[in-house]
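Any value given below was found using the heavy atoms of this structure, including those in side chains, with hydrogens, waters and symmetry copies removed. This one's a predicted model, so the numbers in the text were calculated from it and none came from an experiment. Numbering starts at 1 and runs along the sequence shown.
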Amino acid sequence: MANYISLYSGSSGNCSVIEENGKFMLIDIGKSARITNNALKELGLDVKNLQGILISHEHSDHISGLKVFLKKLNVPVYSNAATLDFIADNDLVPPHIQLEDMTFAGHNIGDFFVKGFETPHDSLSCMGFNIHTKKDTRMTMATDLGCVTQNILNQFIGTDLAVLESNYDERMLKDNENYPYYLKTRISSNRGHLSNIQFSLSAIEIIKSGVKKFHLCHLSDNNNTPSTAVSQFSLTAMENNIDIHKDLEILKANRRHEITLPTEF
């Protein structure tokens with residue numbers, strides 16, 4: 001079985017591991033190479049077995065550690081064309097690194113097959129990922145998106161593991177006196193981030209397709225807490241005749257500075 005592990009998640013940095021039989025990929029590297037390498041060592045993962053790095057978009061909390069991390073490695077980086085152009089133009093990877101355009105048709109990356117899909121975010125271009133294993137299992141991840149379109153929802157239907165953003169609590173964001181109006185408007189826009197309610201309503205539809213494993217990702221440190229996000233999910237589920245304690249096998253809220261336990265898919 002393959003495993004999904006969040007190394008760190010949130011506005012201070014994002015990085016996830018997709019691993020099977022010791023070989024693995026990374027999704028984003030938004031903290032320092034030191035932090036990322038230490039987390040991989042803690043998991044017993046050797047960078048010699050790293051098969052590729054997927055980048056969702058160009059914001060710093062997803063790419064800031066990329067260049068130093070790759071200094072002594074020769075691992076391809078995969079993303080959409082706009083993000084790759086930004087990375088190349090701003091010298092964000094060493095010169096020897098191969099940049100690969102992740103087309104929506106799909107791409108073989110080592111032992112994995114990955115298909116990207118577009119997500120609405122205030123970046124040059126933003127991607128979610130469907131990751132397939134040789135055993136025909138699949139996980140789907142979308143982080144940094146302001147709304148869930150029907151196409152995005154379709155990407156999650158029937159997946160073995162869903163990883164979806166649950167960024168902010170609407171009341172906490174509204175009452176946050178440290179956030180100016182323009183920032184609140186940006187976050188809550190259709191090209192910003194998903195609220196706990198938006199996440200929960202989408203998750204209900206995904207659960208109805210048979211998905212039983214969920215991770216909540218990219219929780220805000222200032223406008224959310226893991227317990228707040230999970231409580232909203234539980235309430236919305238109950239209103240839709242779903243008991244998350246009975247109908248789900250896995251429910252985890254990824255943390256800013258903590259490695260999650262592996263989730264098999």
Item to complete: Evaluate the side chain to side chain contact (heavy atoms under 4.5 Å, CB included) criterion for residues F199 and H193: first the C-alpha distance (whole Å), next the side-chain angles of each, then the deciding distance (0.1 Å), finally the verdict.
Response: CA-CA 10 Å; F199 162 83; H193 292 277; over 6 Å; no
Practice prompt. First locate atom CZ of F265, then atom OG1 of T159, and finally report the distance between them rounded to the nearest 0.5 Å.
Written response: 8.0 Å
Discussion item. Is it true that, when you exclude E118 itself, more than 12 heavy atoms of the residues, nucleotides or ligands shown sit nearer than 6.0 Å to its CD?
Written reply: no
Discussion item. For N74 versus I97, what's the shortest heavy-atom pair and its separation?
Written reply: CA-CD1, 4.2 Å
Discussion item. I'd like to know if the side chain of N190 reaches the main chain of P120, judged simply by a donor and an acceptor atom lying under 3.5 Å from each other, with no hydrogens or angles considered.
Written reply: no
Discussion item. Using 30° and 60° as the class boundaries, would you call the ring planes of H57 and H121 parallel, tilted or perpendicular?
Written reply: perpendicular
Worksheet item: Are T36 and Y8 linked by a side-chain donor-acceptor pair shorter than 3.5 Å?
Response: yes
Response to the item:
By ring-ring contact (aromatic ring centres under 6.0 Å, His included), F156 pairs with (sequence neighbours left out) none
Discussion item. Against Q155, only a single residue in N130, T149, T140 fulfils side chain to side chain donor-acceptor pair (under 3.5 Å); can you say which?
Written reply: N130
Fill in: Nearest atoms (heavy-atom pairs only) where F113 meets G106
CZ-CA, 3.6 Å
Discussion item. Which heavy atom of M141 sits nearest to which heavy atom of I27, and what is that distance?
Written reply: SD-CD1, 3.7 Å
Worksheet item: Who passes ring-ring contact (aromatic ring centres under 6.0 Å, His included) against F69, sequence neighbours left out?
Response: none
Practice prompt. Could you give me the CA-CA distance, side-chain angles and deciding distance for I5 and I259, then say whether side chain to side chain contact (heavy atoms under 4.5 Å, CB included) is met?
Written response: CA-CA 7 Å; I5 306 162; I259 302 171; 3.6 Å; yes
Discussion item. Once rounded to the nearest 0.5 Å, what's the spacing between atom CG of L7 and atom CG of L43?
Written reply: 6.0 Å
Worksheet item: CG/L145 to CG/D122 distance, rounded to the nearest 0.5 angstrom?
Response: 11.5 Å
Worksheet item: Quick one: CG on N224 to CG on L219, what's the gap to the nearest 0.5 Å?
Response: 4.5 Å
Discussion item. Please determine whether the number of non-hydrogen atoms from other residues, nucleotides or ligands lying under 6.0 Å from atom NZ of K115 exceeds 12.
Written reply: no
Discussion item. Can you confirm whether K252 is buried at NZ, in the sense that more than 12 heavy atoms of other residues, nucleotides or ligands lie under 6.0 Å from that atom?
Written reply: yes
Discussion item. Tell me whether the rings of H218 and H62 are parallel (<30°), tilted (30 to 60°) or perpendicular (>60°).
Written reply: parallel
Worksheet entry | Exam field: side chain H215 to backbone L161, donor-acceptor pair closer than 3.5 Å | no
Practice prompt. Mark yes when over 12 heavy atoms from residues, nucleotides or ligands other than D136 sit less than 6.0 Å from its CG; otherwise mark no.
Written response: no
Item to complete: For the residue pair N38 and E42, confirm or rule out a side-chain donor-acceptor distance under 3.5 Å.
Response: no
